[in-house]
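First the structure, then my questions, so here it is.
All values below were derived from every heavy atom in this structure, side-chain atoms included, with hydrogens, water molecules and symmetry-related copies excluded.
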Amino acid sequence: MNGHRHQLTAIAVALIASGFGAGARAQGIDEPLWDDRWYAALLGSWVQADDARSTDDGLGGALALGKRLSPRFELELRGQYLGYEAEDNRPRVLGTPIGTVPPDVELWAGGVGANLFLSPSGKGLYLHGDAMAGDATLYNIGLGLSLGEDVALRLEALYHIDNDAEVEETQINLGLRMALGERAQAPAPEPVRVVPPLPTPSPAPRTQCADGIDNDGDGAVDYPADRGCVDAGDDDESNPRCDAPQPGQPVDFDGCAVGDSIVLYGVNFEFDKATLTANAKTLLGQVADALQRRADIVVEVGGHTDGKGSDAYNQRLSEARAAAVVDHLVSRGVAAARLRAAGYGETQPVADNDSDAGRELNRRVELKVLESSSPWVAPLAMPAAAALTPVLSPTPAPTPAPTAVFVPTATPVPQPTFAPTPAPAAAPAAFGHADVNIANYQFAPQTVRIAVGGSVSWTNGDRRTHIVHFDDSGDSPDIAPGASYQRSFERAGEYPYVCGIHGSMHGVVVVE
């Protein structure tokens, strides 16, 4: 019987320990939001006494104080009292018992417990395990049921082990689970906008204007990658700005340089979720096409919220929404290696959070150019941000709404001319070791080159845990903030990898 009892004890302890990993892993941006308030539980207990105790069944209670650490897992501090009334089995002479009165049994113990819910909603059936010490060493493992929200009915059927008395019993707990404090307020629903498809004009004819010479004979050198030289006044002598196109033109990132930003105000989500609306998907289809035409740039997709709700809630929501935009752009054909997802929560407002209009402006998704390999798009010193807004449904108003896809936020400034495109430099040689920094949910640099037999180190500079996942070797250990992970490569080839927790993070190791 001792071997059987030790196996059950190990199962209870393993359930508690496994929960720590489940809670840590659930901190990724792809997880849904959950109720992370503290809670208290007060339970009455009944135990069917083992025959070896020579007592009646036990009665008592349990008190727990816990917190949800992930959608499925919660951890709690737990205390237990059980009292057993002794059976008087002394021999009797002429009806009078002989000998010492057997003592009652009272047990006080405290420890830690864990609940692992079977449903991702964190409700209904759950597995329970706990370990406590005091007057005796107690272990419980079994099945529970939770019904309700702020105040929930809680029922547990447990296998009860008293390790000191070497008995195994059945324990039933029944009581209430009460959430402490108020749940974080979700942001107000975002207004639904109608985005009709924009007409796509026929592309302008392409001539020999990408060679950096004066093709149209107006005495000025044309800029590389000019779309066409049809007359002397076509403004082809300077780079285009990261500016708003004329009404009716498609989304265009021509002229956008490193540091420029575009606000996608038409990209909205379902209330309290990271699910894109139908209008947002239509708009992101145009954005994906524009990014395909500018294959030289790497952009950051930044998620922003208004000031309603807690800081932690808004941070998780902005991260999840930025990742949703990245995933949709990838599904529309944009290379994942060109996209970075970042959540800024409520830390970068562009308007007052005390008004509905201001909060609507603060709830936004921004595209920011991080890198550019194009020789003609230089990091120009100009405020070139523009706002991408949909065409609204026709509604009478004192002032007609603009119909352009972008709303410019910058004043045009003169641009420099550029010399002919230089020949590309030779690729850098491979090294024996390379370092990759993890910061702002990005691998930097994204591509590293090493020689066969070399190694790469990843150092985590974020506040969250990351995992480096390769298809050929699986997951690295959890890389905690400030920690590092290193891997060696013995064969030539390309080794793409992603973060095993935040799927929008990508990189590649080239072994030569």
Interatomic distance, Leu284 atom CG to Leu276 atom CG [nearest 0.5 angstrom] | 6.0 Å
Donor-acceptor under 3.5 Å (Glu169 side chain, Asp50 main chain) | yes
State yes or no: are the ring centers of Tyr441 and His466 separated by less than 6.0 Å?
-> yes
Judged by atom type as modelled, is there a donor-acceptor pair below 3.5 Å linking the side chain of Asp57 to the main-chain atoms of Ala49?
-> yes
Flag if over 12 foreign heavy atoms under 6.0 Å of CG, Asp471 = no
With no hydrogens and no angle check, is any side-chain donor or acceptor of Gln292 less than 3.5 Å from a backbone partner on Gly333?
-> yes
Answer yes or no on whether Arg72 is positioned over the face of Tyr126, meaning its NZ or CZ is under 6.0 Å from the six-membered ring centre and within 45° of the axis.
-> no
Are Leu42 and Leu176 close enough that some pair of their side-chain heavy atoms sits under 4.5 Å apart?
-> no
Within the 6.0 Å centroid threshold, strictly below: Tyr159 and Tyr139 | no
Is a side-chain N or O of Arg340 found less than 3.5 angstrom from the main chain of Val326, in a donor-acceptor match?
-> no
Ion pair check, Arg449 and Glu512, cut-off under 4.0 Å = yes
Would Glu87 and Arg53 pass as an ion pair if we require N to O under 4.0 Å?
-> no
Do Val508 and Gln446 have side chains that get closer than 4.5 Å, going by heavy atoms?
-> no
Test Asp36 against Lys67 for side-chain contact (heavy atoms from CB on, under 4.5 Å), laying out the working first.
-> CA-CA 6 Å; Asp36 59 355; Lys67 183 176 177 63; 4.2 Å; yes
Using the six-membered ring of Phe470, assess whether NZ or CZ of Arg487 lies under 6.0 Å from its centre and within 45 degrees of the ring axis.
-> yes
Ion pair Arg177/Glu149, N-O distance below 4.0 Å = no
Asp162 side chain vs Ala165 backbone, donor-acceptor pair below 3.5 Å | yes
Under the side-chain contact (heavy atoms from CB on, under 4.5 Å) rule, what do Arg363 and Glu346 come out as? Steps first, then yes or no, please.
-> CA-CA 9 Å; Arg363 296 191 298 268; Glu346 59 186 81; over 6 Å; no
What are the two closest heavy atoms between Thr465 and Ile501, and how far apart are they?
-> O-CD1, 3.5 Å
Under 3.5 Å: donor-acceptor pair, side chain of Arg364, backbone of Asn362 = yes
Under 6.0 Å between ring centres, would you say that holds for Phe489 and Tyr495?
-> yes
Take Asp104 and Thr55 through the test side-chain contact (heavy atoms from CB on, under 4.5 Å) and record every step on the way to the result.
-> CA-CA 8 Å; Asp104 295 337; Thr55 67; over 6 Å; no
Asn440 atom CG: more than 12 heavy-atom contacts under 6.0 Å | no
In this structure, CZ of Arg294 is separated from CG of Asp289 (nearest 0.5 Å) by 15.0 Å
Salt bridge present between Arg321 and Glu319 (N-O < 4.0 angstrom) | no
Would you find a donor on one side and an acceptor on the other, under 3.5 Å apart, between the side chain of Glu74 and the backbone of Ala114?
-> no
Among Asn460, Ile467, Ile479, which residue meets the side-chain contact (heavy atoms from CB on, under 4.5 Å) test with Tyr485?
-> Ile479
Step-by-step side-chain contact (heavy atoms from CB on, under 4.5 Å) determination, Arg78 to Leu43 | CA-CA 11 Å; Arg78 197 170 175 108; Leu43 309 171; 3.9 Å; yes
Quick one: does Asp462's side chain have a donor or acceptor within less than 3.5 Å of a partner on Arg464's backbone?
-> no
Take atom CH2 in Trp108; do more than 12 heavy atoms of anything else shown fall under 6.0 Å from it?
-> no
Atom pair CG (Leu283) and NE2 (His328), whose distance is rounded to the nearest 0.5 Å = 9.5 Å
Between Glu300 and Lys368, does at least one N-O distance fall below 4.0 Å, as a salt bridge requires?
-> no
Can a salt bridge be assigned to the pair Asp150 and Arg37 using a cut-off of 4.0 Å between side-chain N and carboxylate O?
-> yes
Determine whether the aromatic ring centres of Tyr497 and His469 lie less than 6.0 Å apart.
-> no
